[in-house]
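One structure below.
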Amino acid sequence: MVVHEQDPFNAEPPLAAMAGEPLTPVDAFYSRNHGPIQVLDPQTWCLRVGGLVDRPLTLTLAGLRAAGRARTLAATLQCAGNRRAGLIAVRDIPGEDPWRDGATSTARWTGVRLADVLAAAGLRGEARHIGFEAPDVSQLASPPQPYGASIPAGKALRPEVLLAWEMNGAPLPAVHGGPVRLVVPGYIGARSVKWVRRITALAAPSPNYFQATAYRLLPPHADPAAAGPGDGISLGPIALNCAILSPADGDSVPPGPAVMRGYALAGEDREVARVDVSADGGRSWQQADLGGQPGRYAWQLWRAAVSIPAGGTAEIVARAWDDTGALQPESARSLWNPKGYANNSWPRARLRVQPRQFSRIDRPEGSPG
Ligand code: MTE
């Protein structure tokens with residue numbers, strides 16, 4: 001793993017290790033934390049459900065398992081800071097980790113639908129948002145507070161939103177939120193609250209720092225240190241995006257045929273319809289082959305056979321289209337924001353092209369041996 005910070009622990013897998021893998025092995029799944037990793041005893045863990053409900057609940061792990069049929073689905077989590085390095089290249093973003101394209105990973109999650117738990121608690125009609133709270137107290141919040149988030153009630157009631165206790169067929173490990181985490185496919189990873197211990201049905205979005213103040217898109221001139229609750233655009237559904245994983249930016253490759261690999265992700269209610277790849281910096285394009293989407297809420301893997309031109313460097317560019325005909329924005333410059341969120345500009349891999357190796361047969365006649 002490429003470790004950005006030890007405390008709190010923040011790490012992403014090397015890009016090459018992700019290429020062509022529909023599911024991310026648990027030990028290669030990116031890890032994003034704002035406070036200490038919680039190691040909780042599944043025997044004593046419990047979940048409180050309250051707020052605008054008719055029947056407040058306290059569920060043990062066994063009680064949660066009994067609250068609905070267990071469902072398994074493959075879903076991709078993507079951090080809002082994924083590909084921040086591309087924004088930092090435009091203009092520095094002090095105090096934020098330079099994530100590459102690896103703050104995006106896919107697993108098969110098993111749990112009950114959040115909707116089943118909310119139904120058991122008798123969710124009231126006036127509830128508009130569902131809030132979540134975890135025990136990890138973040139010193140990065142102002143004031144320091146336990147991590148929390150909320151999602152609109154309409155999203156919370158959808159079948160893909162799970163309270164999960166298994167990841168890739170094994171009990172959810174502590175680093176990824178075990179014994180139980182929320183999984184909100186299609187939304188920024190920040191809403192998939194780990195170690196969830198309290199669910200509150202609310203009339204308005206959660207006042208928690210990570211909902212009200214952080215994970216908001218501020219205008220380029222704003223001072224993030226001065227931003228308060230409600231400033232900027234609250235991030236929820238993720239935007240159409242794609243990444244080049246192999247060969248990756250900065251790699252050294254021989255000239256000639258090469259297979260490029262990457263992922264594309266359409267976000268909420270959309271499908272990836274096409275990925276284009278250019279081996280000449282965007283002058284000409286070819287269509288990549290799509291394949292290996294492990295599920296409706298997961299990324300789409302792509303591959304493209306390209307020809308790397310001889311010369312000092314080659315610039316590979318990719319761009320994804322969704323089924324509404326929308327295309328990713330071309331430039332990171334136009335997306336720059338003071339916290340470095342939501343970079344979904346066309347990814348570019350600048351490759352160093354190795355000098356051509358001539359064999360004896362290739363060598364031009366009369367050239368020195
Ligand atoms: N939940 C808690 N309790 N604490 C956190 O710091 N980080 C969030 C989310 N849930 C976080 C959390 C963010 S920003 C992301 S991107 C995902 O968890 C990352 O999940 P992972 O570490 O399993 O990859």
Side-chain angles (χ1 to χ4, degrees), residues 1-13 18 23-40 45 47 75-84 96-97 99-109 111 131-141 144-151 161-168 170-199 206 208-211 213-217 234-238 241 265 267 298-299 339-343:
M1 297 291 272
V2 178
V3 177
H4 293 295
E5 276 180 279
Q6 279 294 350
D7 186 17
F9 185 65
N10 284 297
E12 65 183 305
M18 300 169 68
L23 294 181
T24 314
V26 170
D27 55 5
F29 202 99
Y30 80 96
S31 186
R32 174 76 181 104
N33 298 288
H34 300 79
I37 289 169
Q38 305 291 296
V39 182
L40 308 176
W45 173 87
L47 176 65
T76 299
L77 295 190
Q78 180 168 78
C79 186
N82 187 55
R83 303 189 55 217
R84 181 180 288 127
E96 301 290 338
D97 290 333
W99 296 95
R100 292 186 69 184
D101 313 52
T104 303
S105 301
T106 301
R108 281 170 68 78
W109 309 95
F132 307 91
E133 197 193 85
D136 52 325
V137 174
S138 175
Q139 302 300 322
L140 304 172
Q145 59 197 272
Y147 189 87
S150 65
I151 56 174
V161 180
L162 298 183
L163 287 160
W165 55 76
E166 255 180 47
M167 183 179 185
N168 289 349
L172 188 61
V175 67
H176 294 300
V180 175
R181 80 176 299 167
L182 184 68
V183 175
V184 187
Y187 270 44
I188 59 165
R191 309 307 179 218
S192 290
V193 176
K194 303 192 271 190
W195 314 294
V196 58
R197 67 174 177 187
R198 188 181 295 276
I199 298 179
S206 164
N208 185 280
Y209 174 84
F210 294 99
Q211 183 72 41
T213 304
Y215 292 104
R216 287 179 168 261
L217 216 55
S234 176
L235 295 170
I238 50 178
N241 212 333
L265 191 59
W299 58 20
K339 297 282 280 179
Y341 295 136
N343 178 12

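Quick note: numbers below take in every heavy atom, side chains included, and nothing from hydrogens, waters or symmetry partners. Counting starts at 1 for both ligands and their atoms, following the listed order.
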Atom pair CD (Gln211) and OH (Tyr147), whose distance is rounded to the nearest 0.5 Å: 8.5 Å
Is the shortest heavy-atom distance from the side chain of Leu163 to the side chain of Val196 under 4.5 Å? yes
Please list, one pair per line, the donor and acceptor atoms closer than 3.5 Å that link side chains of residues 31-39 to other protein atoms, with sequence neighbours excluded.
unit_1: Ser31; atom_1: OG; unit_2: Asn33; atom_2: ND2; d: 3.1
unit_1: Arg32; atom_1: NH1; unit_2: Asn10; atom_2: OD1; d: 3.0
unit_1: Arg32; atom_1: NH2; unit_2: His34; atom_2: NE2; d: 3.2
unit_1: Asn33; atom_1: OD1; unit_2: Lys194; atom_2: NZ; d: 2.8
unit_1: Asn33; atom_1: ND2; unit_2: Phe9; atom_2: O; d: 2.8
unit_1: His34; atom_1: NE2; unit_2: Tyr215; atom_2: OH; d: 2.8
unit_1: Gln38; atom_1: NE2; unit_2: Pro36; atom_2: O; d: 2.9

Taking Glu12 first and then Arg100, would you say they form a salt bridge - that is, a charged N and a carboxylate O separated by under 4.0 Å? no
Side-chain touch Pro13/Tyr30, heavy atoms, less than 4.5 angstrom: yes
Inventory of protein N or O atoms under 3.5 Å from ligand 1 N or O:
unit_1: ligand 1; atom_1: 1 (N); unit_2: Lys194; atom_2: N; d: 2.9
unit_1: ligand 1; atom_1: 3 (N); unit_2: Asp136; atom_2: OD1; d: 2.9
unit_1: ligand 1; atom_1: 3 (N); unit_2: Asp136; atom_2: OD2; d: 3.3
unit_1: ligand 1; atom_1: 3 (N); unit_2: Lys194; atom_2: O; d: 3.1
unit_1: ligand 1; atom_1: 4 (N); unit_2: Asp136; atom_2: OD2; d: 2.7
unit_1: ligand 1; atom_1: 6 (O); unit_2: His34; atom_2: N; d: 2.9
unit_1: ligand 1; atom_1: 6 (O); unit_2: His34; atom_2: ND1; d: 2.8
unit_1: ligand 1; atom_1: 7 (N); unit_2: Arg32; atom_2: O; d: 3.3
unit_1: ligand 1; atom_1: 10 (N); unit_2: Ser192; atom_2: O; d: 3.0
unit_1: ligand 1; atom_1: 18 (O); unit_2: Arg181; atom_2: NH2; d: 3.3
unit_1: ligand 1; atom_1: 20 (O); unit_2: Arg181; atom_2: NH2; d: 3.1
unit_1: ligand 1; atom_1: 22 (O); unit_2: Arg32; atom_2: N; d: 2.9
unit_1: ligand 1; atom_1: 22 (O); unit_2: Lys194; atom_2: NZ; d: 2.6
unit_1: ligand 1; atom_1: 23 (O); unit_2: His176; atom_2: ND1; d: 2.7
unit_1: ligand 1; atom_1: 23 (O); unit_2: Arg181; atom_2: NH1; d: 2.8
unit_1: ligand 1; atom_1: 24 (O); unit_2: Tyr30; atom_2: O; d: 2.6

Thr106, Asp101, Thr104 screened by side chain to side chain donor-acceptor pair (under 3.5 Å) with Gln78, the one that passes: Thr104
